[in-house]
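These notes are about the structure you will find just below.
Every value quoted in this text rests on a predicted model; they were computed, and no experiment measured them.
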Amino acid sequence: MSEPVELVLSEREEGIRLDKVLAERLPDLTRTAIQRLLEEEQVLINGKPAAKNRKGRAGDSVAVRIPDPEPLCLQAENVPLDIVYEDDDLLVVNKPQGMVVHPAPGNYQGTLVNALLAHCGTSLSGINGVIRPGIVHRIDKDTSGLLMVAKNDFAHQGLARQIKEHSFRREYEAVVAGRMKQESGVVNAPIGRCPADRKKMAVVAGGRNAVTHWTVLERYPGVNYVECRLETGRTHQIRVHMAYIGHPILGDTVYGNKKPVPGLQGQCLHAVGLKFIPPRTGELVELTCGLP
């Protein structure tokens, strides 16, 4: 294990939950990762393990012990990849609908990570540990489109900072149910675990800040074709926000109509564009990919 990260809490951090404070102070760690470190007693306050719900006090001395990434125990598989962009630090793939990104129980083969191990070998970032090597941001199994992968920790840290600062631009296109009354709008509603079903996300008081900008591109009977731009990147954000305003993604049987739409194999949501700055070159890159 590397040397712990040490910091002292300021007056403005007085009374704020420690996991939130650390997520702000340590941009390379997600709030979920910090909560896991708290559970594992890897976060010390004034030399003692901090409680998960601990609130900060000005002058507290905090030490965060970050374990080294565990060795990866997954099989590299020669799964074809549609690579849209690649350099020495990162690559962007056009993920097909139906491909699982992260290995999970029941899906340890044929995932994007299995394919990346074959393409990149061991040169993937280890910031996210054994489960999500190299994955900078995520899209669902049934969402298609552009996904960023970091080949090293330097690139991963730089891209994570851009996401945190909202300079990493992600654009999606979707078909949503119903007729939207306005031509554009913003959904600014916090997202967290659904209290009634922990496998789902929902707009909940006390959830994490989530902002989605949407614009109608075309109107059809009973549905609208829209563009969505993420200002934040919460789990299932577009699906949750569109359902929240009464226009769920067509084919989304989790947050929309439970009955599958005849002719559709999944939800009509596609990650169509990325805008970012490769950390080493500093030159803006804009990528787009057509609808499947």
Side-chain angles (χ1 to χ4, degrees), residues 15-43 49-56 64 66 100-108 111-113 127-132 135-143 147 160 163-164 166 168 170 172 174 176-177 186-214 228-249 251-258 266-267 269 271:
I16 301 175
R17 276 181 57 122
L18 187 60
D19 57 348
K20 186 174 183 179
V21 171
L22 293 178
E24 291 289 331
R25 297 278 291 267
L26 304 174
D28 296 335
L29 293 176
T30 64
R31 194 166 174 181
T32 300
I34 290 167
Q35 290 170 344
R36 186 168 60 248
L37 291 176
L38 284 163
E39 290 175 352
E40 295 171 354
E41 298 188 345
Q42 298 297 329
V43 179
K52 189 174 181 180
N53 60 353
R54 172 74 146 78
K55 292 183 179 180
V64 183
I66 304 173
V100 174
V101 175
H102 313 125
N107 284 296
Y108 287 112
T111 72
L112 179 61
V113 168
I127 288 175
N128 279 327
V130 73
I131 300 299
R132 298 170 188 158
I135 306 299
V136 177
H137 64 111
R138 54 187 295 173
I139 58 178
D140 303 329
K141 171 187 174 183
D142 289 328
T143 299
L147 182 67
I163 291 175
K164 188 174 183 64
H166 308 309
F168 184 100
R170 288 161 286 177
Y172 292 73
V176 300
V186 180
V187 186
N188 186 345
I191 291 177
R193 288 288 170 189
C194 177
D197 185 348
R198 302 297 293 175
K199 294 181 180 180
K200 294 171 60 176
M201 308 302 288
V203 171
V204 294
R208 299 183 69 187
N209 176 53
V211 181
T212 303
H213 301 258
W214 60 267
C228 294
R229 180 172 61 83
L230 292 181
E231 190 172 310
T232 54
R234 309 305 175 212
T235 302
H236 299 173
Q237 179 171 319
I238 293 176
R239 297 166 63 192
V240 171
H241 273 174
M242 291 298 101
Y244 177 68
I245 62 173
H247 299 283
I249 305 292
D252 186 348
T253 57
V254 175
Y255 297 103
N257 194 320
K258 305 305 179 186
Q267 63 218 19
L269 181 60

Evaluate M201 against R193 for side chain to side chain contact (heavy atoms under 4.5 Å, CB included), listing each step before the verdict. CA-CA 5 Å; M201 308 302 288; R193 288 288 170 189; 3.5 Å; yes
Residues V101, R138; criterion side chain to side chain contact (heavy atoms under 4.5 Å, CB included); working and verdict: CA-CA 8 Å; V101 175; R138 54 187 295 173; 5.6 Å; no
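Between L22 atom CG and K20 atom NZ the span is 13.0 Å, to the nearest 0.5 Å. Here the straight-line distance linking atom CG of N209 with atom CG of N188 works out to 6.0 Å at 0.5 Å rounding. Interatomic distance, I34 CD1 to R17 CZ, rounded to the nearest 0.5 Å: 11.5 Å. Note that the OG1 atom of T212 and the CD1 atom of I245 stand 9.0 Å from one another [nearest 0.5 Å]. With rounding to the nearest 0.5 Å, the separation of CG in D140 from CD in Q237 is 11.5 Å. Interatomic distance, CG of D252 versus CD of Q267, reported as 5.0 Å (0.5 Å rounding).
Closest non-hydrogen pair, R234 versus A210, comes out as CG-CB, 3.7 Å. Taking each heavy atom of G15 and K55 in turn, the nearest pair found is O-CD, 3.4 Å. Nearest heavy-atom pair across M242 and W214 is CE-CD1, 3.9 Å. The two residues A51 and L38 have their closest heavy-atom pair at O-CD2, 4.0 Å. The shortest heavy-atom contact between I139 and L147 is N-CD1, 4.0 Å.
Without hydrogens or angle criteria, T232 side chain to V211 main chain gives a donor-acceptor distance under 3.5 Å. Between the Y255 side chain and the Y244 main chain, no donor and acceptor come within less than 3.5 Å of each other. Of the possible polar contacts, none joining the R239 side chain to the P248 backbone as a donor-acceptor pair under 3.5 Å is found.
Atom NZ of K199 has 12 or fewer neighbouring heavy atoms from other residues, nucleotides or ligands inside a 6.0 Å radius. More than 12 non-hydrogen atoms from other residues, nucleotides or ligands lie less than 6.0 angstrom from NZ of K200.
Applying the side-chain hydrogen bond (donor to acceptor under 3.5 Å, both in side chains) test to H213 and every residue at least two apart in sequence or in another chain returns E231. Scored by the side-chain hydrogen bond (donor to acceptor under 3.5 Å, both in side chains) test, K52 finds E39 as partners (sequence neighbours excluded). For A202, the side-chain contact (heavy atoms from CB on, under 4.5 Å) criterion is met by C194, V204, not counting sequence neighbours.
Between T235 and I191, every side-chain heavy-atom pair lies at or beyond the 4.5 Å cut-off.
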